[in-house]
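Presented below is the structure to which this report refers.
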Amino acid sequence: MEVDDLYRRLDAHYSVEDWWPAESPWEIMVGAILVQQTNWESVAGVLEALRSRGLLDVDAIDELPQEELEAILRPTGFFRQKAKNIKAMASYLRAHHRSDPMHLLCQDTEAARRELLSLPGIGNETADVILLFAGGKPCFIAAAYVSRVLGRTGMLDSGDYQEVKGLMESCLEPDPAKYARFYALLVQHARTTCRSRPKCDACVLSSECAFSSGRGTAGSRPLRRTSARR
DNA sequence: ACCCAGGTGGCCC
DNA sequence: GGGCCACATGGG
């Protein structure tokens with residue numbers, strides 16, 4: 001099975017509309033920090049709380065006392081770290097990008113990525129979430145879920161973030177909308193199969209819905225780079 | 001009472 | 001470069 005086949009099969013099986021609802025790039029950046037190791041429902045509640053207080057704003061967050069932000073973030077867990085990290089992001093944008101996230105994100109992708117990674121609380125995955133969903137960049141998000149599903153299809157056998165990201169980007173057209181949808185589909189699939197019903201992999205991933213045998217999907221072959229993109 | 005969630009950073013070897 | 005651990009709350 002090729003990567004595009006996997007995409008089509010998942011697409012036919014799940015609906016992932018409105019995967020990352022937000023009214024602004026800054027709201028996506030804040031959400032990207034908040035959703036770390038947390039479910040989206042908690043995040044959505046906190047984003048609403050921030051919105052209703054007029055706090056979905058770079059300068060407002062920069063000026064808000066840390067303890068007040070912590071209190072609002074509490075339901076998403078890791079609230080002290082997240083408050084610190086979100087404030088650091090606001091402070092950085094204000095100092096270096098006129099409080100405008102797009103001023104950072106509209107640069108060359110690699111430059112923007114390096115800048116995001118230099119901020120506390122933003123690692124590979126969060127940087128790519130921001131670049132893709134807020135910046136519209138063709139940055140594939142190689143989340144742990146993604147590596148897990150790809151591993152089970154037999155298409156790849158690595159958990160290394162850069163490795164998986166590079167491989168996927170070399171196999172797909174650099175289409176941000178498709179990357180976003182693919183990511184959402186992979187996460188959705190991982191969530192509904194990994195725990196409760198691991199066997200359903202076969203249903204979705206193999207063409208005949210045959211619960212063939214133990215591991216992987218029959219006919220899958222390892223990913224190969226098809227171009228020299230990086 | 002467990003286990004898990006749309007990760008990251010720090011420390012250790 | 002990998003393997004642990006803290007970070008914290010909420011839901012199944």
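Every chain is numbered from 1 and lettered A, B, ... according to where its sequence line falls, protein lines coming before strand lines.
Pairs engaging residues 54-100 of chain A under the ring pair (Phe, Tyr, Trp, His ring centres under 6.0 Å) rule: A/Tyr92-A/His96, A/Tyr92-A/His97, A/His97-A/His103 [sequence neighbours left out]. Residue pairs satisfying the ring pair (Phe, Tyr, Trp, His ring centres under 6.0 Å) criterion with at least one member in residues 21-40 of chain A, sequence neighbours excluded, are listed as follows: A/Trp20-A/Trp40. Counting only residues at least two apart or on different chains, the side-chain hydrogen bond (donor to acceptor under 3.5 Å, both in side chains) pairs with a member in residues 120-140 of chain A are A/Gln36-A/Thr126, A/Arg113-A/Asn124, A/Arg113-A/Asp128, A/Asn124-A/Gln162, A/Asp128-A/Tyr161, A/Asp128-A/Lys165. Pairs of residues two or more places apart, or lying in two chains, that qualify as side-chain hydrogen bond (donor to acceptor under 3.5 Å, both in side chains) and include a residue from residues 72-88 of chain A are A/Thr38-A/Lys82.
For the pair A/Arg8 and A/Asp5, the salt-bridge criterion is met [side-chain N within less than 4.0 Å of a carboxylate O]. Taking the charged nitrogens against the carboxylate oxygens, A/Arg94 and A/Glu63 do have a contact shorter than 4.0 Å, which makes a salt bridge.
Look at CG on A/Leu116: it is 12 Å from P on B/dG9, rounded to the nearest Å. Spacing between atom CD1 of A/Ile141 and atom P of B/dT8 amounts to 11 Å, rounded to whole angstrom units. The CG atom of A/Asn85 sits 10 Å away from the C1' atom of B/dG9 (whole-angstrom rounding). Taking atom NZ of A/Lys84 as the reference point, atom C1' of B/dG10 lies 12 Å away to the nearest angstrom. Atom CD of A/Gln36 and atom C1' of B/dA5 are 12 Å apart (whole Å). As rounded to whole Å, 10 Å separates atom C1' of B/dC4 from atom CZ of A/Arg148. Distance A/Trp40 CH2 to B/dG7 P: 12 Å, rounded to the nearest Å. Residue A/Asp160 contributes atom CG, which lies 12 Å from atom P of C/dG3 at whole-angstrom precision.
A gap of 22 Å separates the P atoms of B/dT8 and C/dG10, to the nearest Å.
Just one residue in the list A/Val146, A/Leu131, A/Leu167 forms a side chain to side chain contact (heavy atoms under 4.5 Å, CB included) with A/Phe140, and that residue is A/Val146.
Residue A/Tyr145 places at least one side-chain N or O under 4.0 Å from the OP1 or OP2 atom of B/dA5.
In this structure, the separation between CG on A/Leu132 and CD1 on A/Ile141 is 4.5 Å, given to the nearest 0.5 Å. The CZ atom of A/Arg98 sits 13.0 Å away from atom CG of A/Asp59, with the distance rounded to the nearest 0.5 Å.
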- Query: When you check every protein heavy atom under 4.0 Å of nucleotides 7-12 of chain C, what one-letter string (B, S, -) results, 5' to 3'?
  - Reply: BBSS--

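Remark: nothing in residues 117-137 of chain A comes within less than 4.0 Å of DNA chain C through any heavy atom.
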